[in-house]
Amino acid sequence: MKRKKVVIIGGGFGGLTAAKSLKKANVDITLIDKTNHHLFQPLLYQVATAALSPGDISAPIRGILRNQTNVEVVMGEVSRINRDKKTINLKLNNDEIRYDYLVVATGARHSYFGNDEWENYAPGLKTLSDALNLRERILLSFERAERYYDTEPVEKYLTFVVVGAGPTGVEMAGAIAEISKKTMLTDFRKIDPAKTKILLVEGADRVLTPYSPELSEKAKQSLESMGVTILTGKRVTNITDKGVQIDEDFIETPNIIWAAGNKASGLLKELDTGLDNSGRVIVENDCSLQNDENVFVIGDAAHFSRENTPPVPAVAPAAVQQGKYVAKIIAKAIKKEKRKPFVYVDKGNMATIGRNKAILEVGKIGFSGFIAWLAWSFVHILFLIGFRNKYKVMVEWIWYYLSVKHGIRLITNKTDL
């Protein structure tokens with residue numbers, strides 16, 4: 001029987017899992033990604049706050065799949081999807097690649113809700129480049145405060161505003177509080193990093209709205225105990241190179257971090273199918289398009305919901321489960337009418353706030369504190385790709401736990417203070 005051609009767009013959790021799950025299938029796979037590495041996004045904030053190195057949370061896709069002979073890895077960006085011809089095209093040379101099955105797992109980027117010019121002053125956190133950019137901005141602020149301490153007010157350099165109090169925003173705010181008030185406390189001679197101001201801004205009435213009100217309140221208390229000021233029910237109305245406007249108040253600072261929303265890749269419009277308000281593809285109960293059973297959309301790029309159930313969340317476990325599910329359909333060439341609906345198994349949600357501080361929710365059961373932090377650490381190490389990464393991250397965390405020192409405080413890009 002002729003081998004089917006499978007094209008997977010995206011080397012994140014969904015796309016990579018689908019490729020690996022097809023290892024023994026009678027198919028030829030082309031996996032396309034804009035970068036050459038798989039990235040563990042949940043730990044990006046630790047790169048941004050100098051706790052981990054980029055290599056600790058990423059691994060080359062070719063290295064991960066080196067022993068899987070039915071996979072070809074292509075580093076490139078897809079510019080066009082032609083469902084009628086069953087082809088995709090890449091940018092630059094306009095290379096055309098044919099497919100029998102197409103799996104789209106392009107993930108998401110941060111959304112500025114129509115104010116894209118804000119990205120210049122308030123970067124988000126989705127890629128290694130984003131994390132390294134934020135790391136340098138944070139470290140440079142302390143350096144500038146130290147240098148200009150005797151000649152000008154330096155409060156703006158020691159003020160950080162995190163917009164959005166979801167898991168990313170909470171983790172960033174907690175991490176900045178830790179590095180400023182503990183890690184770098186003795187590194188400077190003039191400024192006092194303990195006087196750093198961290199503002200966490202949220203439009204809703206509480207932080208971490210996907211969690212129960214009880215856990216949300218515990219997270220709020222933990223953040224406040226670390227010196228984070230939480231502003232709920234507040235809206236950001238403008239961001240400039242001078243600072244951020246929050247309702248009637250203007251906060252002067254060059255340190256604004258955006259964690260308030262996500263939007264799907266613009267490539268999804270090429271599929272010419274229904275999209276939700278965030279640009280995600282509204283998929284069928286088998287993760288396929290409504291009018292194309294051989295095209296699947298999974299992970300953050302997909303809006304998957306059934307009656308009386310909330311949409312599948314944009315988290316790594318969901319992408320992994322969908323990747324395995326779609327791979328099974330492709331491997332067995334199951335026709336649409338015979339496919340069992342995808343069922344997401346919710347294994348719980350967790351977020352870390354700081355050292356010994358985290359929250360964990362499994363069904364109606366919630367935990368907080370040290371036990372939740374241990375569980376968070378174990379799960380995140382478990383999901384890292386490659387033994388080397390798991391071992392290194394574990395050692396780094398143990399070292400940081402005992403010494404309270406971040407060792408990756410490097411500024412590598414030439415810049416004017």
Side-chain angles (χ1 to χ4, degrees), residues 3-33 38-42 59 61 63-73 99-108 264 280-289 292-306 309-350 362 378-387 389-390:
R3 294 170 67 89
K4 296 292 186 180
K5 178 68 175 179
V6 180
V7 171
I8 300 173
I9 306 175
F13 279 105
L16 189 61
T17 299
K20 293 172 69 176
S21 299
L22 288 167
K23 183 175 183 178
K24 297 181 180 180
N26 187 37
V27 298
D28 291 317
I29 306 163
T30 300
L31 190 151
I32 305 167
D33 196 277
H38 169 79
L39 175 65
F40 189 74
Q41 285 189 337
I61 296 173
I64 296 170
L65 299 174
R66 69 162 61 92
N67 295 322
Q68 188 169 335
T69 57
N70 66 341
V71 177
E72 176 190 9
V73 177
Y99 69 82
D100 294 302
Y101 291 99
L102 177 64
V103 181
V104 182
T106 49
R280 299 179 301 172
V281 172
I282 301 172
V283 296
E284 299 278 273
N285 62 11
D286 61 347
C287 297
S288 72
L289 302 189
D292 197 331
E293 65 176 290
N294 289 346
V295 177
F296 303 89
V297 183
I298 61 176
D300 294 0
H303 177 109
F304 185 103
S305 62
R306 301 279 74 85
T309 60
V312 171
V315 293
V320 169
Q321 291 179 35
Q322 289 177 330
K324 291 179 179 178
Y325 169 84
V326 167
K328 183 177 180 181
I329 290 175
I330 294 173
K332 296 185 176 182
I334 303 174
K335 292 296 183 182
K336 189 175 182 70
E337 60 273 12
K338 295 185 179 181
R339 297 172 185 172
K340 294 181 180 179
F342 171 74
V343 178
Y344 171 58
V345 179
D346 187 354
K347 298 180 180 180
N349 298 311
M350 57 181 63
V362 182
F378 175 78
V379 168
H380 281 69
I381 289 176
L382 188 67
F383 266 92
L384 283 171
I385 299 294
F387 174 79
N389 299 68
K390 294 177 183 179

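Starting from 1, each residue takes its place in the sequence as its number.
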Which value, rounded to the nearest 0.5 Å, describes the distance between [X] atom [atom1] and [Y] atom [atom2]?
{"X": "I9", "Y": "Y99", "atom1": "CD1", "atom2": "OH", "result": "8.5 Å"}
{"X": "I282", "Y": "F304", "atom1": "CD1", "atom2": "CZ", "result": "13.0 Å"}
{"X": "I330", "Y": "N26", "atom1": "CD1", "atom2": "CG", "result": "13.0 Å"}
{"X": "C287", "Y": "F296", "atom1": "SG", "atom2": "CZ", "result": "8.0 Å"}
{"X": "K324", "Y": "K20", "atom1": "NZ", "atom2": "NZ", "result": "9.0 Å"}
{"X": "T30", "Y": "I8", "atom1": "OG1", "atom2": "CD1", "result": "9.0 Å"}

Minimum heavy-atom separation for [X] and [Y], please, with both atom names.
{"X": "A327", "Y": "L22", "answer": "O-CD2, 3.3 Å"}
{"X": "F40", "Y": "F13", "answer": "CD1-CZ, 3.1 Å"}
{"X": "A105", "Y": "G14", "answer": "CB-C, 4.3 Å"}
{"X": "I334", "Y": "K328", "answer": "CD1-O, 4.2 Å"}
{"X": "A19", "Y": "I29", "answer": "O-CD1, 3.9 Å"}
{"X": "V312", "Y": "A318", "answer": "CG1-CB, 3.5 Å"}

| task | Ignoring hydrogens and angles, tell me if any N or O in the side chain of H38 forms a donor-acceptor pair with the backbone of G11 under 3.5 Å. | result |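 Yes; judged by distance alone, with no hydrogens or angles, the pair exists.
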| Side-chain (N294) to main-chain (L102) donor-acceptor, under 3.5 angstrom |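 Here the side-chain-to-backbone pair does not exist.
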Does a side-chain heavy-atom distance below 4.5 Å link [X] with [Y]?
{"X": "E72", "Y": "L31", "answer": "no"}
{"X": "V281", "Y": "L289", "answer": "yes"}
{"X": "Y344", "Y": "V315", "answer": "yes"}
{"X": "T17", "Y": "Q322", "answer": "no"}
{"X": "D300", "Y": "R280", "answer": "no"}

More than 12 heavy atoms of other residues, nucleotides or ligands under 6.0 Å from [atom1] of [X]: is that the case?
{"X": "R306", "atom1": "CZ", "result": "yes"}
{"X": "K5", "atom1": "NZ", "result": "yes"}
{"X": "K332", "atom1": "NZ", "result": "no"}

| field | K336, K338, K340 screened by side chain to side chain donor-acceptor pair (under 3.5 Å) with D286, the one that passes | value |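 Exactly one option meets the side chain to side chain donor-acceptor pair (under 3.5 Å) with D286, and it is K336.
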| message | Could you go through I32 and V7, starting from their C-alpha distance and side-chain angles, then the distance that decides it, and tell me whether this counts as side-chain contact (heavy atoms from CB on, under 4.5 Å)? | response | CA-CA 8 Å; I32 305 167; V7 171; 3.9 Å; yes
| task | Apply side-chain contact (heavy atoms from CB on, under 4.5 Å) to I298 and V103, showing your working. | result | CA-CA 7 Å; I298 61 176; V103 181; 3.8 Å; yes
| message | If the test is side chain to side chain contact (heavy atoms under 4.5 Å, CB included), which one of V320, I64, D33 qualifies with L16? | response | I64
| field | N-O pairing of R3 and D28 below 4.0 Å | value | yes
| task | Identify whether the distance between the nearest side-chain nitrogen and carboxylate oxygen of R339 and E293 falls below 4.0 Å. | result | yes
| task | Please name all residues satisfying ring pair (Phe, Tyr, Trp, His ring centres under 6.0 Å) with Y101, sequence neighbours left out, ordered by chain then number. | result | none
| message | Does L65 form a side-chain contact (heavy atoms from CB on, under 4.5 Å) with V73? I'd like the steps, not just the answer. | response | CA-CA 8 Å; L65 299 174; V73 177; 4.1 Å; yes
